[in-house]
Amino acid sequence: MRRLSLLGVAAVTLAACATPSATTAPSVNAPEAWTFAGPQSAAAQSPWWRQVFADPNLAALVEEAGAVPSVEAAAARREAAEARLRAASSALFPSVGLGLEVSGRADEDTETDSASANATVGYTRNLAGAERLREGAAAARLEAADAALAAARLDARVTAARLITTALAAEAQEAAARRSLAAAQESLNIAETRTRAGLDNALAVAQARTARDRAAALLPPLAQARLQARLGLEALLARPLGAQTLSAAEPFALNQPLFVEAPATVLARRPDLRLALANLAVADREAAAAQADRWPTLSIAAVFGVTAADIPPDGAAATLTGSLLQPIFDANRREALSAAAAAEAEAAAADYRRAFAGAIGDVETSLVRLRETRAAREAQAAVVASAQEQSNLARSRYTSGLTSFLDVTIADAALAEAELTLAQTDGALLEAQILVANALGLGADF
């Protein structure tokens, strides 16, 4: 009995010593500051979709995307990971079982009946604490499931926001194309009037009609782009949307811009980095558990029973047994499993370093894209203003008979192209805001 007690104390002591500590992330190089930053905290402005979209109805669609079926599936996997953690924790406690046996025997001379009831308490622990290490691995898997849920939620919202942006850009381009079509139709009317009055020839009418038809041809593809964006959003949200749901009075009216925090804050919030670090913790603890499996296993069992029979002896009995098992030969199975787990840990560390580098690249690339798109938008707005002035002047001169209709056609085509490009740039600017929010990992946890 004393030997068993000493073995039990040794098991508990060694298991406590083997309790895993928090996994430390591999050493990586992070910038001291981003190349572009604002004076405010991005987290203080969350949720970002309310900052990017001035229209509250559009922001509500992005928020709704945080509960789409893909996010529900990730939430269910998180519940499964939580249940597995409870199962892993239960391995640290003794097991208790109850048994009842009734038997009878009869022959020509005797008839006997007996009944017995027993309770069994068992306790099995690896001397190096493999059970505690696997509990730590299960806890890390729960952290990984939390990060995967956040990543799924953020990905769904970014996808929804980009689809909305595509629809808004197509809507703005449609508006520009309709303005171009109206101007072309007006020019055609003028050309026909001047031709009937003998002030121009049929060539002007043909040129005007060609310009009108070219402007009209721009509309169907843009309408198709809007429809595809709406259908994509319906598929994502798993519900139908009204035809006007993605329309906005001012498609590109932005709220306050997003700002960037210190790299350490941003990187700690990104779901993909949290997932990579949790996977690294899982691999580390599984590797430690595989190494611990090479140590002996202590088993203690106590059985308490009561027997009742027609023949003595009747009464209660108790049994206490203990064993210490150390595998001597298993064809190097445990050594191979330990080596495999160690290799998995090395791979997880490499995956973390890769994810870290990718995260830094995402943030810096998205910030540069945002800055360049803003500059491009300002330049394109100037181009539109110049093209509008040229178009007005060309039409005025043509109406006064000072120039040919070819000048009007060229000026109107330049204006139409400039306005369409401006609408595209506005959409690109909105998408750049969304990609910055995605790179910063904003709004992933709610």
Side-chain angles (χ1 to χ4, degrees), residues 22-53 59 62-68 70-71 74-75 77-78 81-82 139-162 255-282 348-371 431-446:
T23 298
T24 302
S27 176
V28 287
N29 295 321
E32 295 181 1
W34 300 117
T35 56
F36 173 86
Q40 292 180 263
S41 166
Q45 295 190 339
S46 294
W48 57 264
W49 48 92
R50 295 179 187 170
Q51 301 302 321
V52 171
F53 293 106
V62 179
E63 189 154 350
E64 181 183 345
V68 297
S70 60
V71 179
R77 285 190 285 269
R78 187 208 174 278
E82 190 174 18
R141 285 192 179 91
L142 178 57
E143 294 175 5
D146 279 329
L149 173 58
R153 190 180 291 120
L154 179 59
D155 180 69
R157 284 175 171 156
V158 168
T159 300
R162 297 184 73 176
N255 277 346
Q256 300 176 16
L258 297 169
F259 295 95
V260 185
E261 299 164 303
T265 304
V266 171
L267 297 175
R269 183 173 56 229
R270 279 183 58 118
D272 57 338
L273 283 183
R274 288 160 48 194
L275 177 60
L277 186 58
N279 287 336
L280 175 58
V282 171
D351 286 341
Y352 178 82
R353 289 191 292 269
R354 176 183 54 81
F356 191 94
I360 292 175
D362 285 347
V363 175
E364 294 183 340
T365 300
S366 66
L367 291 175
V368 170
R369 177 175 179 175
L370 178 59
R371 181 178 59 196
E431 183 170 7
Q433 291 274 78
I434 295 168
L435 294 179
V436 169
N438 181 47
L440 299 181
L442 295 176
D445 290 313
F446 56 89

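Index from 1, following the sequence.
Annotation: the span from Y352 atom OH to N279 atom CG amounts to 12.0 Å, rounded to 0.5 Å. Separating the CZ atom in R371 from the OG atom in S366 is a distance of 11.0 Å, to the nearest 0.5 Å. The structure places CG of L442 at 10.0 Å from CD of Q51, a figure rounded to the nearest 0.5 Å. How far CG of D272 is from CG of D155: 11.0 Å, rounded to the nearest 0.5 Å.
When the side chain to side chain donor-acceptor pair (under 3.5 Å) test is applied to R162, the partners found at least two apart in sequence or on another chain are E431. For T365, there are no side chain to side chain contact (heavy atoms under 4.5 Å, CB included) partners at least two apart in sequence or on another chain. Partners of D351 according to the side chain to side chain donor-acceptor pair (under 3.5 Å) rule, which considers only residues two or more places apart in sequence or in another chain, do not exist here. In terms of the side chain to side chain contact (heavy atoms under 4.5 Å, CB included) criterion, residue partners of A147 (sequence neighbours excluded) are, by chain and number, R274, L275. With sequence neighbours excluded, the residues forming a side chain to side chain contact (heavy atoms under 4.5 Å, CB included) with R157 are W48, W49, V62, E63, A65, R153, listed by chain and number. Partners of D362 by side chain to side chain contact (heavy atoms under 4.5 Å, CB included), not counting sequence neighbours, listed by chain and number: R270, A439.
What you find for A444 and L154 is that their closest heavy atoms are CB-CB, 3.9 Å. Nearest heavy-atom pair across A140 and A278 is O-CB, 3.6 Å. When every heavy atom of A148 is checked against every heavy atom of A74, the shortest pair comes out as O-CB, 4.3 Å. Listed here is the closest heavy atom pair of V71 and A152: CG2-O, 3.7 Å.
For the pair L149/R77, no side-chain contact is recorded, criterion being any heavy-atom separation below 4.5 Å from C-beta on.
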- [ ] Take I360 and L267 through the test side chain to side chain contact (heavy atoms under 4.5 Å, CB included) and record every step on the way to the result.
- [x] CA-CA 8 Å; I360 292 175; L267 297 175; 4.2 Å; yes

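Put simply, the side chain of R78 never gets that close to the backbone of L142: no donor and acceptor are under 3.5 Å apart.
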